[in-house]
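Below is one structure, written out as structure tokens, with a few remarks after it.
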Amino acid sequence: MALSWNEIRDRALAFSKDWADASSEAADAKSFWDAFFQVFGISRRRQAAFEVPVKKAAGEDGYIDLLWKGVLLVEHKSRGRNLDRAFRQALDYFPGLDEHHLPQYVLVSDFARFRLYDLDEQTEHEFALADLSKNIRLFGFMAGYQTRSFGVEDPVNVRAAEQLGRLHDLLKATGYGGHALELYLVRLLFCLFAEDTGIFERRQFVDYLESRTSADGADLGMHLAQLFQVLDTPPERRQSTLDMQLAEFPYVNGRLFAEMLPLASFDSAMRRQLLECGGLDWSRISPAIFGSLFQSIMDEQARRNLGAHYTTEANILKALRPLFLDELQAEFGKIRMRRDRRRLEAFHRKLAAIRILDPACGCGNFLVIAYRELRLLELEVLRELYKDRESGFLDVEGIVFLDVDQFYGIEIEEFPAQIAQVALWLMDHQMNLRVQEEFGQYFIRLPLARAPHIQHGNALTSDWAALVPPAELTYIVGNPPFVGAKFLDAEQRAELAAIFHDTPSAGLLDYVACWYRKAAEYMRANPAIRSAFVSTNSITQGEQVGVLWSDLSRFELQIHFAHRTFQWTSEARGKAAVHCVIIGFGAIEARAKWIYEYEHVQGEPQAMEVSRINPYLADAPDVFLSKRSIPLCDVPAIGIGNKPIDGGHYLFSDEEKARFIKVEPASAKWFRRWLGADEFINGWQRWCLWLGDCSPEELRQLPECLKRVEAVRQYRLASKSPPTRRLAETPTRFHVENMPSGSYLLIPEVSSERRVYIPLGFLGPETLCSNLVKIVPNATLYHFGVLTSMMHMAWVRAVCGRLESRYRYSAGIVYNNFPWPEPAESRIPAIEQAAQAVLDARAAHPAATLADLYDPRTMPSGLLEAHRRLDRAVDLAYGKSSFTSEAARVAFLFERYQTLTSLLPKAGKAARKKARTTAAAGKGRSPRS
């Protein structure tokens, strides 16, 4: 057992006194350093060697005064000698050392002074022999008390993943794979971590491999198998004839080493790779990101199919803090202010009673960080409880209540499930080191008496209550797979259908919706449970809202907090990024509700306390928009553009059109300008060869056109879709044809979220539109004005679907559900005039594209002011002079939607007629050309 800091300090005082008067002639350096190691309760002879031969940088032979491989190099000089020169001499030995023998620390001394260099942290400390006791904590790496701050960006995390990944590849290439390989790597990881963090003695694992295995690696697998058995055997059950070096390893338990694995065969390269892994400082690895480390050695295709997205600590805390950490910290702060020991002890017991489930735990990131944060909070509680204690022995093990068995997880893949369990143990050990550091008492939980409850299985087909009864659980949190509805495989579709067996249109839902329904059913047995999931943002947009949240409404759940759409980044290689939301929910009213809004998806959130949060993550009434086939109000119908299904044979660029007409001049009259969202916004041209109105006799005189017709016919015949093959019977026609005879309004289906206003515009019948836009025939300036106003833009941002984070405008959800105003006749001309002013402001910049005009960085001031005047006119049409925020607009629109829709079922057509706007289709002014 390690010594306490008080014991080490007493030994350091005695050491300094004993060696204070030693001269360079009388003093024996070996005795000095043997005694120095004894200060920390360790044997120099077992850990380090004197006069180690080495080739210096210039190639000549040299001797290191003292080397503890991978840990410490000592260069000792006579009293009064230059320590700078001693340090340079120490560095001169480095080229002659194997990489995994390079030390982290260099200590130079002349009996009277010490100078300690930490090469990783790039720190330097110098002090006199007499002050050793005051600086003793600098030598925590010798005493087994070393604590580190570790960060996700620490390069050692990447090197560790790559080194272990190479070992994985070498083993797999020899035919050692599957479950055995995965568990083997987990065990090696534990051993590497253990010897750098005080679970084992420093370098105990690597020293055993170096000293007992042959250079060709032939016997390495045998020695590792024996070591794994020893680690799983209590000391009293080990053979008395066991090799002494093996017998010194501690009993680990926890069933990590219980299973008998096939013997692995190593060669020299594999042995060298394992020793290279041992050369890293594994104390700097954060268990919280083990999932990210191991993602880099999982099969890439399998990972993509599983929808795994491993996550940054900052993003995980976005879920954990509002779910419970913020509330616990606030409660602790109040108790600490009152200095009430009884309440403090009760709060401590409350922390120990918390139980957390992650039903899609992966490598355990959420559970590990949750455990770390709770242990850090417990440490603050312990500081308060024992801050007035007298110095002396404190039973640290008896005062630490929190343990890994408070955490539960379900993971469909075996390897990540194993990593989750080990990561929690390793985080437990790192937190125990913090306790050691705080109270100066040795605290190692070995053997592992308790284990986290990580179940290898399918969370969607297993009974969560069998893993943890609802009455015992406090929180559910996690990051279920990010798989969109259109990308589900057959098994995932079957799972979704089984879970939502009683829900109409469930096929529209993303995979993550299954976890919401499972959690809702589970929480029925204990309404006090609070939950939070990171989710694809589409479950709060478009059609999915009406399907999912109307289904969940039967469970009477409330949204307690929500992070609106932001970019969820990964720490894994390649930095996978998706656009998501975080939703916290429960069955009991929350004391406070918070919406976290992002100005940019990659930015930081702004927290807003609100009174309610609806499924669109807005401070507004609960509304579930269903897909409507006709508008809610009396306005022109909206439709999609044309859908050729032509394999691109009828579409031309300017250059392609010119070449075609040069070959066949008579084809020129059949070309029509072709616009999709991209062409409309960015101002580039394409052309469509429209032959649907070309008579048979004329078409037969156009051989080049006939070639295109035949190419389209063959393209359709080759389709696997029967309806598309039937279209081959009419190859000059489009699958969808929408060609207004008069002017119409174009609305891009997809537009950048950076734009405050989505660019809309009027077009004439000479232009054909693709199916990537929506068109509104018979639209007037009044309709254009309302649709391009801030009121409609706020509605779009609140309810539309998204492509990543870009707006995806829809007819059934956005346009047909939009609650139009009911303005007095006198208000309509003001909107029309303001709408025309917007078009005129655009026309003042004929060389600019709509992308130029509506980029927030380049939008002309005249156009911006025209839009603001239009916004005021539309606001007045709704009976409002202004709104304090976009959130207020959205709340107003949802309330108006509720008012309009509440009339429909009661009085049918009569009520609907009452709800119509006076700006009927076809009425009002048209735009000036």
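Residues take their numbers from the sequence shown, with the count starting at 1.
Contact annotation: the side chain of Asn771 never approaches that of Asn642 to less than 4.5 Å [non-hydrogen atoms, C-beta and beyond].
Judged by distance alone, with hydrogens and angles left aside, the side-chain atoms of Glu656 form a donor-acceptor pair with the main-chain N or O of Ser653 at under 3.5 Å. Side chain of Asp871 to main chain of Met790: a donor-acceptor pair is present (N/O by atom type, distance under 3.5 Å, no hydrogens or angles). Between the Asn816 side chain and the Ile813 main chain, no donor and acceptor come within less than 3.5 Å of each other. A side-chain donor-acceptor contact under 3.5 Å links Asp489 to the backbone of Glu491.
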Note to self: Working note: Phe883 + Phe892, criterion ring pair (Phe, Tyr, Trp, His ring centres under 6.0 Å); need CA distance, chi angles, decisive distance, verdict.
What the structure shows: CA-CA 9 Å; Phe883 291 90; Phe892 174 85; 5.5 Å; yes
Note to self: Walk me through whether Val786 and Met791 qualify under side-chain contact (heavy atoms from CB on, under 4.5 Å).
What the structure shows: CA-CA 7 Å; Val786 174; Met791 288 298 280; over 6 Å; no
Next item on the list: Start with the C-alpha distance between Glu766 and Arg672, add both sets of side-chain angles, then the distance that settles salt bridge (Lys or Arg N to Asp or Glu O under 4.0 Å), and finish with yes or no.
Entry: CA-CA 7 Å; Glu766 69 282 356; Arg672 305 274 289 273; over 6 Å; no
Note to self: For a salt bridge (Lys or Arg N to Asp or Glu O under 4.0 Å) check, start with the C-alpha distance between Asp875 and Arg827, then their side-chain angles and the critical distance, and finish with the verdict.
What the structure shows: CA-CA 10 Å; Asp875 288 351; Arg827 295 286 184 197; over 6 Å; no
Next item on the list: Mind running side-chain contact (heavy atoms from CB on, under 4.5 Å) on Glu679 and Gln685 for me, showing each step along the way?
Entry: CA-CA 6 Å; Glu679 295 90 339; Gln685 288 202 125; over 6 Å; no
Next item on the list: Kindly indicate, with the supporting measurements, whether the criterion side-chain contact (heavy atoms from CB on, under 4.5 Å) is fulfilled by Ile758 and Val796.
Entry: CA-CA 9 Å; Ile758 297 175; Val796 171; 3.8 Å; yes
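Annotation: cation-pi geometry not satisfied between Arg564 and Tyr598 (NZ/CZ under 6.0 angstrom from ring centroid, within 45° of ring axis).
Note that OH of Tyr807 and SG of Cys800 are 7.5 Å apart. Values are rounded to the nearest 0.5 Å. In this structure, SG in Cys769 is found 4.5 Å from CG in Leu746, a value given to the nearest 0.5 Å.
The pair Arg713-Asp646 does not meet the salt-bridge criterion, since no charged nitrogen lies less than 4.0 angstrom from a carboxylate oxygen. For the pair Asp855 and Arg755, the salt-bridge criterion is not met [side-chain N within less than 4.0 Å of a carboxylate O]. Looking at Glu655 and Arg659, no side-chain N of the basic residue comes within less than 4.0 Å of a carboxylate O on the acidic one, giving no salt bridge. Comment: Lys707 does not engage Glu710 in a salt bridge, judged by the lack of any side-chain N to carboxylate O separation of less than 4.0 angstrom. Taking the charged nitrogens against the carboxylate oxygens, Arg872 and Glu865 do have a contact shorter than 4.0 Å, which makes a salt bridge. With respect to the salt-bridge test (charged N to carboxylate O, under 4.0 angstrom), the residues Arg806 and Glu753 do not qualify.
Residue Arg493 places its CZ atom among more than 12 non-hydrogen atoms of other residues, nucleotides or ligands, all under 6.0 Å distant.
Ring centroids of Tyr516 and Trp549 are separated by less than 6.0 Å, placing the two rings close together. Ring pair His867/Tyr854: centre-to-centre distance below 6.0 Å. If you look at Phe894 and Trp795, their ring centroids are closer than 6.0 Å.
Nearest heavy atoms, Pro636 versus Pro777: CB-O, 3.4 Å. Considering all non-hydrogen atoms of both residues, Ser505 and Val547 come closest at O-CG1, 3.6 Å. Of all heavy-atom pairs between Leu763 and Arg673, the closest is CD2-NH1, 4.4 Å. Heavy-atom minimum distance, Thr540 versus Val545: C-CG2, 3.2 Å. Between Arg842 and Leu760, the closest heavy-atom pair is NH1-O, 2.6 Å. When every heavy atom of Cys580 is checked against every heavy atom of Val534, the shortest pair comes out as SG-CG1, 3.8 Å.
Among the candidates Thr565, Val799, Val581, the single residue satisfying the side chain to side chain contact (heavy atoms under 4.5 Å, CB included) test with Gln541 is Thr565. If you run ring-ring contact (aromatic ring centres under 6.0 Å, His included) between Phe652 and each of Phe671, Trp690, Trp670, only Phe671 comes through.
Ring orientation note: the planes of Phe818 and His792 are nearly perpendicular, at an angle over 60° on the 30°/60° scale. Taking the six-membered ring for Trp and thresholds of 30 and 60 degrees, Phe734 and Trp674 have ring planes more than 60 degrees apart, a perpendicular arrangement. Using cut-offs of 30° and 60° on the angle between ring planes, the pair Tyr815 and Trp820 is perpendicular.
In the model, Tyr511 has a side-chain atom that pairs as donor or acceptor with a side-chain atom of Glu495 under 3.5 Å.
With sequence neighbours excluded, no residue forms a side-chain hydrogen bond (donor to acceptor under 3.5 Å, both in side chains) with Thr730. Scanning for side-chain hydrogen bond (donor to acceptor under 3.5 Å, both in side chains) contacts around Asp510 gives Thr536, Ser538, Gln544, with sequence neighbours left out. By the ring pair (Phe, Tyr, Trp, His ring centres under 6.0 Å) test, Tyr715 pairs with no residue at all, sequence neighbours left out.
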